[in-house]
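Reading through the structure tokens given below for one structure.
We use all heavy atoms of the structure for the numbers below, so side chains are in, but hydrogens, waters and symmetry mates are not. Small disclaimer: the values here were computed from a predicted structure and weren't measured.
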There are 2 protein chains.
Amino acid sequence: MKPDSKLSGVLHVLLHMLGMKSPATSEQLARMMGTNPVVVRRVMAGLRKQGLVASAKGHGGGWTVSCDPASVTLADIYKAVGEPTVIAMGHRSQMPGCLVEQSVNHALDEAFREAEAVFQKHLNAVTLSALSEDFNRRLAERGQTLEQQSHAV
Amino acid sequence: MKPDSKLSGVLHVLLHMLGMKSPATSEQLARMMGTNPVVVRRVMAGLRKQGLVASAKGHGGGWTVSCDPASVTLADIYKAVGEPTVIAMGHRSQMPGCLVEQSVNHALDEAFREAEAVFQKHLNAVTLSALSEDFNRRLAERGQTLEQQSHAV
DNA sequence: TTTCATGTAACAACATATGTTACGTTAAAG
DNA sequence: CTTTAACGTAACATATGTTGTTACATGAAA
């Protein structure tokens, strides 16, 4: 099945934005994510609604981070991108009268619920700044500067 | 996103088959799952390959359970249906050179891995016979017999 | 030899996510 | 005050994957 990559993509651009001084345009972010500016606006709109980023129109405009990275977790961002489905499996049909269906659904739902809970718990445990620090650690290990890490332009 | 329902569907028909004396045809099972006989054969073929069910051609043929329900877990069946993806999320792209990508992927992969492990663990803990017993318990609570629980024909 | 069943390949339909175009709006620059 | 750079958004197009369907071959029992 086709995995949803909104969370991955948005984290990618957020980390880049944390290292930028001036607003980033949708066009720049789109290049980082390997996609289209409109797609960027679409997903960033969700973050803006949660107050995580701000956008400015017109000349010199673009996107800026408007939250404290230390107090925003991956769970917040997951929520901001619309809480895409975590579990790729479901039930075939809703035959509420069939007791077999009820047994099967009950057993599977429990497994789904547990898996999703663990996932959410992990997202809650990681802040944006923790991610950013992890990135900077990798940068240091490589002995590179932020500029050398730029994407293809 | 579109959830995969092979595991759910196959468990449904297996539970029904456990309560049947004679072989079940793909057509009967298809009605139970609300789908097409060919789809049934497709998914049942995986179970047959693992020795969980057997099929017989010709007059009076059909599908029979050929395993001990007490020693087969939902994990075995999950495997038999091709181990469909559990997690509905992934990474946007493979930009191995980008350290931001590496940080993000690492953080998310860990969450995905943990969630999937919990899921598998739960499947391992439930046997087919346990599911069947759960069904019979529900049946008893309702004061019904197996026959009254038949699907729409 | 007819009927009932599986086995399988090939094709069609459908759903979803993603990408793209087009046009409107806003704001700074000149 | 016109041009340019940016976002906002709706509408449409494309791609992909899953499921459903048709068609035909094979095998076994009546």
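- You'll find that the side chain of A/R48 is closest to D/dG8, out of D/dG8, C/dT21, D/dA15.
- Side-chain atoms of A/S55 do not come within 3.5 Å of backbone N or O of A/G62 as any donor-acceptor pair.
- Mapping A/T35 and B/A56 onto DNA chain C by nearest heavy atom places B/A56 at the nucleotide closer to the 5' end.
- Non-hydrogen atoms lying under 4.0 Å from DNA chain C are contributed by B/V38, B/R41, B/R42, all within residues 37-45 of chain B.
- Summarising the geometry, atom CD belonging to A/E101 is positioned 6.0 Å from atom OG belonging to B/S8; distances are rounded to the nearest 0.5 Å.
- Nucleotide D/dG20 holds its C1' atom 17 Å from the CG atom of B/L29, rounded to whole Å.
- When rounded to the nearest whole Å, the span between CE of A/M89 and P of D/dT18 equals 12 Å.
- Where A/G62 and A/K2 meet DNA chain D, the nucleotide closest to each residue was compared, and A/G62 sits on the side nearer the 5' end.
- Atom-to-atom distance recorded for B/I77:CD1 and B/E83:CD is 13.0 Å, nearest 0.5 angstrom.
- A sub-4.0 Å separation between OP1 or OP2 of C/dA5 and a side-chain N or O of B/T25 is absent.
- Phosphate proximity of C/dT6 to B/S55: absent, as no side-chain N or O sits under 4.0 Å from OP1 or OP2.
- Rounded to an integer number of Å, the gap from CD of B/Q28 to P of C/dC4 is 14 Å.
- A donor-acceptor pair is defined here as one N or O able to donate and one able to accept, closer than 3.5 Å; such a pair exists between the side chain of A/Y78 and the backbone of A/P84.
- Taking atom CG on B/N36 and atom P on C/dC14, their separation rounds to 14 Å, with Å as the unit.
- Atom CD in B/E27 sits roughly 10 Å away from atom C1' in C/dA5 (whole-Å rounding).
- Distance check: A/M33 CE to A/S5 OG gives 7.0 Å after rounding to the nearest 0.5 Å.
- Taking 4.0 Å as the cut-off between side-chain N and carboxylate O, A/R137 and A/E133 do not count as a salt-bridged pair.
- What separates CG of B/L47 from P of C/dT6 is a distance of 14 Å, to the nearest Å.
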For this session: Let me have a per-nucleotide readout for nucleotides 24-30 of chain D, 5' to 3', with B, S or -, counting only protein heavy atoms under 4.0 Å.
Result: --BBBS-

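- Remark: the backbone N or O of A/S132 is not paired with any side-chain donor or acceptor of A/S129 at under 3.5 angstrom.
- A/L47 has its side chain out of reach of A/V43: every pair of non-hydrogen atoms, C-beta onward, lies at least 4.5 Å apart.
- Protein atom CE of A/M33 is 12 Å distant from nucleotide atom P of C/dT20, rounded to whole Å.
- To the nearest 0.5 Å, atoms CG (B/L29) and CZ (B/R41) are separated by 10.0 Å.
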